[in-house]
Amino acid sequence: MISKWMKACCLTAALVASGYAAAQTYVVGAGGTYRPFEFENNQKQLEGFDIDIIKAIAKAENFDIKLINTPWEGIFATLGSGDRDIIISGITITDKRKQMVDFSAPYFPAEQSIVVAKDSNVNSLAALKNEKVGVVNSSTGDIVVSEVLGKNSTAIKRFDNTPLMLHELFEDGVSAAVGDVGVVKYYIKQHPEKQFKLVPDAKFERQYFGIAVAKGNTELQEKLNAGLKKIVADGTYAKIYQTWFDADVPVLPAQ
């Protein structure tokens, strides 16, 4: 009688002989503190928009991933050392970072947005000149609003995080707020009773998140781009976006 072990060995040999290769496994680093992009659930597992995106890309391109919670400080160094193959952690694509790593095509528009009550008359960045405005301390929103109102303006109220800022907006402690569009959209989805709306402005710099790989790893970069293109085309990207944010699915730059 042939043992199960021998049967398994024969099957493995047959698969190898036929040219079958096991799916490649890539180690993916992601932070666990940037809700809703990546955060730890109660089981200490990573979840979020970024996590769903990288899982969908891996499925589309037939590779496996191993997710590891990786602190933001030093996250880029893990690519250079080989400890991580991929990092996806709400990383804004910048020229400076392009010198250290290679990025995938953009997968999320990450500009700032104004948040106000639905009955507010604020319709632009310039209209904030006569308002008390909430920002997250030292954030991009803080920089933008400081340029409009003046860095030392008493009309700027600074907070430690977005939920605190938006709660103050709900309580009428400020009449407008400026923050990262993704974080704000997620908050609005979680708190529909607060009746907020977003006010875009062309003066906000258009930025994008990208998935990073080690400098020169063109093969993996191309896999990520191919997978991203597939999940956009088949509607998977839109479903993930709507799960975490809203129905206003962005059109990503052409690859």
Side-chain angles (χ1 to χ4, degrees), residues 34-37 49-50 53 89-98 103-159 161-163 165-166 168-170 172 174-192 194-211 228-229 232 237-238 240-242 244-255:
Y34 189 33
R35 193 182 296 263
F37 293 95
F49 175 79
D50 282 358
I53 289 294
S89 198
I91 305 169
T92 303
I93 300 171
T94 66
D95 289 338
K96 184 176 180 180
R97 287 172 179 164
K98 285 180 180 179
F103 282 103
S104 70
Y107 72 91
F108 187 85
E111 69 270 14
Q112 299 294 295
S113 183
I114 302 166
V115 194
V116 293
K118 283 201 172 178
D119 59 357
S120 171
N121 293 321
V122 170
N123 59 7
S124 68
L125 193 57
L128 297 179
K129 289 182 179 179
N130 299 316
E131 306 292 338
K132 181 170 282 190
V133 185
V135 298
V136 174
N137 190 32
S138 299
S139 67
T140 302
D142 188 353
I143 294 169
V144 172
V145 173
S146 293
E147 290 175 352
V148 176
L149 301 181
K151 186 174 182 179
N152 298 318
S153 171
T154 56
I156 301 175
K157 194 166 183 179
R158 295 177 171 88
F159 299 87
N161 56 57
T162 300
M165 175 183 73
L166 295 180
E168 187 76 357
L169 175 61
F170 180 67
D172 295 324
V174 293
S175 52
V178 175
D180 294 344
V181 68
V183 179
V184 169
K185 279 191 171 189
Y186 177 72
Y187 185 93
I188 291 173
K189 185 178 179 70
Q190 298 299 308
H191 300 278
K194 294 190 176 180
Q195 296 288 295
F196 290 149
K197 69 177 179 180
L198 296 181
V199 178
D201 191 293
K203 290 184 179 179
F204 286 128
E205 181 183 359
R206 174 53 62 94
Q207 296 180 312
Y208 289 96
F209 289 163
I211 307 167
L228 177 59
K229 191 172 184 178
V232 169
Y237 179 90
I240 295 172
Y241 188 93
Q242 290 167 9
W244 291 101
F245 304 111
D246 55 30
D248 189 18
V249 180
V251 176
L252 299 176
Q255 295 185 31

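Excluded from the calculations below are hydrogen atoms, water molecules and symmetry mates; all remaining heavy atoms, backbone and side chain alike, are included.
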Item to check | Between CD1 on residue Ile91 and CZ on residue Phe37, distance to nearest 0.5 Å | outcome: 12.0 Å

Item to check | Over all atoms of both residues, closest heavy-atom pair of Ala176 and Ile114 | outcome: CB-CG2, 4.4 Å

Checklist outcome for this item: Heavy-atom closest pair (Leu228 atom, Pro106 atom, distance to 0.1 Å) is CD2-O, 3.6 Å

Item to check | Main-chain N/O of Gly182 paired to Asp180 side chain as donor or acceptor, under 3.5 Å | outcome: no

Item to check | Side chains of Val178 and Phe204 in contact at under 4.5 Å (non-hydrogen atoms) | outcome: yes

Checklist entry - Does Ser175 offer a backbone N or O that forms a donor-acceptor pair with the side chain of Glu131 under 3.5 Å? => result no

Item to check | Shortest non-hydrogen contact from Tyr107 toward Tyr237 | outcome: O-OH, 2.6 Å

Checklist entry - Considering only heavy atoms from C-beta outward, does the side chain of Val183 approach that of Tyr34 to under 4.5 Å? => result yes

Next on the checklist: So, taking the atom named CZ in Arg158 and the one named OG in Ser139, what distance separates them when rounded to the nearest 0.5 Å?
Outcome noted: 9.0 Å

Item to check | Residue pair Asp248 / Lys185, side-chain heavy-atom distance below 4.5 Å | outcome: yes

Checklist entry - Taking side chain as C-beta onward, heavy atoms only, is Ile188 less than 4.5 Å from Leu198? => result yes

Item to check | pair Ile93-Gln207: side-chain heavy atoms closer than 4.5 Å | outcome: no

Item to check | Phe209 side, atom CZ; Phe103 side, atom CZ - distance, nearest 0.5 Å | outcome: 11.0 Å

Next on the checklist: Within the structure provided, determine whether Pro250 and Tyr241 are in side-chain contact (heavy-atom separation under 4.5 Å).
Outcome noted: yes

Checklist entry - Run the side chain to side chain contact (heavy atoms under 4.5 Å, CB included) check on Val249 and Gln242 step by step: do they pass? => result CA-CA 7 Å; Val249 180; Gln242 290 167 9; 3.6 Å; yes

Item to check | Gap between atom CG of Asp142 and atom NZ of Lys151 - 0.5 Å precision | outcome: 8.0 Å

Checklist entry - Any idea which heavy atoms bring Ala155 and Leu149 closest together, and the distance? => result CB-CD1, 4.2 Å

Item to check | Counterpart residues, side-chain contact (heavy atoms from CB on, under 4.5 Å), relative to Val174 (two or more places apart) | outcome: Lys132, Lys157, Glu168, Leu169

Checklist entry - For Thr92, does its backbone N or O pair with a side-chain atom of Arg97 as donor and acceptor, under 3.5 Å? => result yes

Item to check | Inter- and intrachain pairs under salt bridge (charged side-chain N to carboxylate O under 4.0 Å, His left out), touching residues 118-130, at least two apart | outcome: none

Checklist entry - Parallel, tilted or perpendicular: which fits the ring planes of Tyr187 and Phe196, with parallel below 30° and perpendicular above 60°? => result parallel

Checklist entry - Are any side-chain N or O atoms of Lys203 and backbone N or O atoms of Val144, one a donor and one an acceptor, separated by less than 3.5 Å? => result no

Checklist entry - Which distance, rounded to the nearest 0.5 Å, do you find between the CG of Leu166 and the NE2 of His191? => result 8.5 Å

Checklist entry - Which class fits the ring pair Phe245 and Phe108: parallel under 30°, tilted 30 to 60°, perpendicular over 60°? => result tilted

Checklist outcome for this item: Taken to the nearest 0.5 Å, the spacing of Thr162 OG1 from Met165 CE works out to 4.5 Å

Item to check | Counterpart residues, side chain to side chain donor-acceptor pair (under 3.5 Å), relative to Ser113 (two or more places apart) | outcome: none

Checklist entry - Do you know the tightest heavy-atom contact between Val122 and Val199? => result O-CG2, 3.6 Å

